[in-house]
Amino acid sequence: MPTEISWTGQVEHLHITARAFLPMQPQQQIKLIAGEGIEGDRYRIGVEQGFYSEKPEEGRQVTLFEAEVLETILRDYKIELLPVEHRRNITTRGVPLNWLVGKRFHIGECLVEATRLSVPCRHIEEILEKQVFNSMVHRSGLNCRILEGGTVRIGDSIRPA
Amino acid sequence: MPRHITLTVAEAREAGPGIRHLTLRDPDGWPLPKVRPGAHLDLQVPGLGGRSYSLCGDPLVADAWEVAVKLEPQSRGGSAWVHGLEQGATVEAAMPRCTFPLAAEATRHVMIAGGIGVTPFLAMAPVLERQGADWHLHVLYRAGQPCPQALAPWIAAGRVTCHDSTRARRPDLAALLGAHMPGLQAYCCGPLAMLEGFEAATAAWPEGSARIEHFTPPPLPSDPSARPYRLELARSGVSDEVEAGGSLLAALRALGAKVDASCEGGICGACEIRWLEGEPVHRDLILTPERRKTHLMACVAQCASDRLVVEL
Ligand code: FES
C-alpha cells in the first residue's frame, strides 16, 4: 500500500467574512497571517467577535473546501451549493482534503498544517434555506493552522510540503 | 440554538399613526444575509426574548433591513421597546425566517392587509414587480394609512387599493378576492378577525391557494387527549417526565437545552428542533407535512406516545 499519494491542485475561489452570520465575500486574494488567521476574517485570532458563538480557534485559522464536492452534491442530491455558500475560505481543485489531516502543504507562498476535518453546521440550512446538511457530512472541508503566512491568490498552486 | 446578529439602528422615523419604522444595518455596513420576501426578523427584546416583525424593505437591498412596528398598548412589551429605539441604538436579532413565502407557481397574486399587516407585502411588492407578475394589494385600515411613504408609488402605479373604514364601509373580503381561478394565489396578513374572515372567504379554494400570516398566535384550544410522556435529549442523555398538556419548550429548558423562542404560539418558527423517536402532536401553523416528519415546534408540540426523543 502506498503511504503517500501524489497530487497537486489549485486555488479556485477565495472568500472571507467579517462576521459569522454575514454572507461570505469573494476575494481575488487573501492575506494569511501565521498563527492567527486571515486578515479581515471572522476566525482570525485576537480579533474579538464577542457576540458570536463561532469563536476563533487555534486549529481553524484557514478553512478549505473541495470544488469537486460541490459538483458531487449537485450530482447526487440535486442541490446547487455555490462556492460562496459553503462558508470555507479557500475552494480547492485537485486536492484530496480528507487525506490531509495532520499533514503540511503549501498554498501559494504559504505553508499550512491541517488540524482536522471541518464538520458541517445545521445552521447552514437556515442561512441558505437549502437542505444541504446531510450531503456535507464527511466532506465538509478541512481546518488548518497557518505556519508561514503570505498572500494567496486565485490560481495559486496547492502542493504537498 | 440561539445565535444572534448584531445590528445598528441606522434610521428611526414615524411611518403612519403609531408606527415606528427602523432601518437596521451591520455596525460596519457589511452586507446582511439574503432574505426572501415575506420573511420576518426576531428582534431580541431585553428581558422579554424574541419578538417577530416582518421585514418590509426590498429584499434586493443587501446592506439594510427594514421593519415597521405599531405601538400596541395591549402587546407583550416588544412594540413599546421598539418605539423607544433611537438612531444609533444596537439591537440583536436571530436569522430572519420566512414562514409566509410567495407562491412561485402562481400567475396572479391578490393580497389583503389589515393595518400594519401591510409590512410583508411591502417586501413582496418590488420582487413581484421585477418578475413582471400580475399582482394587487388591498390595504384595509382605520385612522390613517400605515407606511404611507412606502405605499405611495404602488398606489400611483395602480397596484394598491386603500380602504379607509372611517370613510366607507369595510369591503367584503370575498368580493375583493373574487372566485378562485387557476393560477390565483391569495395572501392575508392582519388581525385575527380579518384572518378568520379571509379563511372563510377562501374555504372552498384549492389547498394552498390562500396563505395567511399571523401577527399574534391564535389561542390554542386545550387538548383533552393530552397525556404525560418522557422527554429524552439524545445528545446530552438527560430526560424528564412532562405532565399532560405541559409545555415541551419549558421542559427542554428545564433540562438545560438552549432553544430559541419568540411567538410561543407555533407561528414564527423560532423554536424548531429535530425529533428522532416518538409520536409528536404538532399543533403549529407553519411546518409542512414533510418537515413534520423530522422537525417539531417546541412551543406548541405535545406527544402521543410514551417517549419523545429530540436531537439536543
Ligand atoms: S416560538 Fe414561535 S413557533 Fe415556537
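Just so we're on the same page: letters track the sequence lines, and every chain starts at 1.
- With values rounded to the nearest 0.5 angstrom, B:E290 atom CD is found 9.5 Å from A:Q131 atom CD.
- Note: B:R36 leads B:R36, B:R97, B:E272 in heavy-atom pairs under 4.5 Å with chain A.
- Between B:P31 and A:P23, the closest heavy-atom pair is O-CD, 3.2 Å.
- Heavy atoms from other residues, nucleotides or ligands lying under 6.0 Å from NZ of A:K130 number more than 12.
- Looking at B:T6 and A:R19, their side chains never come closer than 4.5 Å, going by heavy atoms from C-beta outward.
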